[in-house]
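Every chain is numbered from 1, with letters handed out A, B, ... down the list of sequences.
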Number of protein chains: 2
Amino acid sequence: MAASLKIISEQLGLSKAAVSIYFKDPSTRRISKENKERIRRLADELNYRPNVIAQSLSSLKSHVIAILIPLNVSYFSSTFLNQALCGIQSVLFNKGYNFIFIPTRGSNSPVIVRKQLERSRGYDGFILFGTRACSEENMRENVEQMLKADYPFVVLNMPDLGYEINQIVNVTPKSSSAIRYLLELGHEKILLMAGARQAPDTVLAIQEYRECFSERGLAVNENLFLNGDYEEMVARSELLQAINNGIEFSAIYCLTDTMALGAYEALNEKGLKIPGDISVIGKNDSFFARFLNPPLTSVRVLMYEAGKLGAKNLLRRIESNETPRKIFLKNELILRLSSAVYRPLNMDQGIE
Amino acid sequence: MAASLKIISEQLGLSKAAVSIYFKDPSTRRISKENKERIRRLADELNYRPNVIAQSLSSLKSHVIAILIPLNVSYFSSTFLNQALCGIQSVLFNKGYNFIFIPTRGSNSPVIVRKQLERSRGYDGFILFGTRACSEENMRENVEQMLKADYPFVVLNMPDLGYEINQIVNVTPKSSSAIRYLLELGHEKILLMAGARQAPDTVLAIQEYRECFSERGLAVNENLFLNGDYEEMVARSELLQAINNGIEFSAIYCLTDTMALGAYEALNEKGLKIPGDISVIGKNDSFFARFLNPPLTSVRVLMYEAGKLGAKNLLRRIESNETPRKIFLKNELILRLSSAVYRPLNMDQGIE
DNA sequence: TGCATTAGATCAGTCGCGAAG
DNA sequence: GCTTCGCGACTGATCTAATGC
């Protein structure tokens, strides 16, 4: 049985309040010196530590931010997420906020978030993180829930949802479009290694793909849209299968660097040279991108900054009730050696 | 103002207990159908959600595990930690436990952990994660604190501390020793890219280094122990400096793959071939190791398993009060192309 | 006796008010 | 009237025992 204020106060013949006052500020003058000394001694003896749960209840402030991630698998392996977490952490820790991850077993995003919210009243704020399992529509439902419950929150890793809420949006300006860049290099058969069709990132990428192609009057071949599920191994096998099926392409744009790893593997296995035969571009500019062979051209997404700004705005909302704001961060295409000017591929030679 | 049981019960002319009973089990037969319906409707209208803080206080069970990491910088970029977190998460989420990270601004490990503990009574259990900032002695102090407070806890990423506590220890069997392997390949000037001298991992590595060398009757050159601070860029510059200072070596063992990246950079800059001129071995076998140029030989550390087993044992302790157990996981040397048989280096040729 | 319901204690704190000196 | 010192009421839930019909 852990020592509590009550136990200490009873043993000393004081009120809980008196003991509480002392611990809140040991230099207080509201408690007599003798009593301070007695409290200190007994607390030390009983190894007293305040109960944060009770503190939170009584002060109606928990100093805990819940991070809601609509995904029911381990997600700390995602470099995307980890970059954002680093940014979030840098702000929250400075301001003395803890952050918590809530478990769920739901199958889809709205269910997961709803369940998380059911177990969340009492936390000071929320960070909603978009994932591959969370369509834009899903996230809108989630946002509606948050608004209805009147929770302070911020949305990360999602396209602009249109609400007047705290949101950090990472956008790709035309000048940083991987597809546009590949087209400029002369590639016209560009394979898109994306995720499931409803994943927001995939939706945006396909939209951008179509725009770029229609601008140039080129037809879009839907067979070039693969679903690598944001997993290295899936991307690898999808690509191998595409090659085996005789699908022709001279460049690949992968919506994560991890899938680009899978692409590298598949191309190596097939004896295709990067970028001699096939150009590859990744997304997120993970720290390992420049160490690959060849170094990977990648779209840098400012997730660290997104996490940092998101957390800042959330705290502003919590502590000063500032009005929500939307911030746009521009992605940047980082050129490395995995992408090159189009050169017709001699299929007989390249693929065994 | 968020709706509470009290508000609902007052508006309906019922007692808090009645409303509480309903929410605990909506199919209960202790509440009449009409009242159930009234409660449901009002709760819906007021957007009622139970307050987890109050629930925790009342049930004396928070279903929250605190993860204590004695480091005051962002740590989600560490692949080590992330692997462990994935394992932890896989267990906790299945069992319905949340997990929380506690902020601190302390300068050293005991201070950080002490501060974290001061803000932690009320959580169900603790995971103590060893870091570069936490010497073995530091961790012992932390463990003493935990024992004194009678908190359920488990220690990860630390050498065997000798206590009868829940601990998962990752050990390197002789057959997986990078140093031993390099010696067998004929290398005798082996550079050790480690961390600060008190970091547990560094202590162990230096100890192992000395053992291997003394077994073979070889003298140890302390100039070959560098402090790369577990950071890519620090490792890079330390290595460049060593090379510039004319320190001779034919192999490098880096205590993290991240530092191996730095080593790759430095060697490339100096025009030294891996493994032709210099063999490189990393540690942790991060997912990117096999994609490097050349693929990196690395000591695989089972951090995912450590996290998983640690969380399991912690929950066993919490839920069934099982006695603590210590588990040893064996590291494994994964051979790739960055390490090769010793070949005398022509310095004039190699370094410009 | 069983069904539907409630008062009140409890958890471990905080906060503002009040009473001596 | 200003300290110094301390207490009662309250936070939002759960749980036990009791009550009325």
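The residue B:L14 sits close only to the backbone: its heavy atoms come under 4.0 Å of sugar-phosphate atoms, none of a base. Counting non-hydrogen atoms under 4.0 angstrom, A:G13 reaches nothing in the nucleic acid. A:L57 comes within contact range of at least one nucleobase, with a heavy-atom separation under 4.0 Å.
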| In B/S/- notation, 5' to 3', how is nucleotides 13-21 of chain D contacted by protein heavy atoms closer than 4.0 Å? | BBB------
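Results of the ring pair (Phe, Tyr, Trp, His ring centres under 6.0 Å) test with A:F126 over A:F153, A:Y151, A:F99, A:F101 single out A:Y151 as the only residue that passes.
Looking only at atom types and distance, the side chain of A:S109 has a donor-acceptor partner in the side chain of A:N142 under 3.5 Å away. For the residue pair B:N313/B:R317, the side-chain donor-acceptor check at 3.5 Å is not satisfied. Using modelled atom types, one finds a donor on one side chain and an acceptor on the other under 3.5 Å when comparing B:R49 with B:N47.
Separating the CD1 atom of A:I53 from the C1' atom of C:dA12 is a distance of 10 Å, rounded to the nearest angstrom. C:dG16 atom P lies 15 Å from atom CG of A:D25, rounded to whole Å. Nucleotide D:dG12 holds its P atom 16 Å from the OH atom of A:Y123, rounded to whole Å. Residue A:K61 contributes atom NZ, which lies 19 Å from atom C1' of D:dC10 at whole-angstrom precision. Nucleotide C:dA12 holds its P atom 13 Å from the CG atom of A:L46, rounded to whole Å. Rounded to whole angstrom, the span from the CZ atom of A:R38 across to the P atom of D:dC5 amounts to 14 Å. Put simply, OH on B:Y22 is 16 Å from C1' on C:dA4, counting in whole angstrom units. Atom CZ in A:R29 sits roughly 16 Å away from atom C1' in C:dG21 (whole-Å rounding).
Residue A:N35 places no side-chain N or O under 4.0 Å from the OP1 or OP2 atom of D:dC5.
The backbone N or O of A:R325 sits nowhere less than 3.5 Å from a side-chain atom of A:E164 that would complete a donor-acceptor pair. Counting only distance, with no hydrogens or angles, the side chain of B:N98 and the backbone of A:I102 share no donor-acceptor pair below 3.5 Å.
Using a 4.5 Å heavy-atom cutoff, the side chains of A:K36 and A:T28 are in contact.
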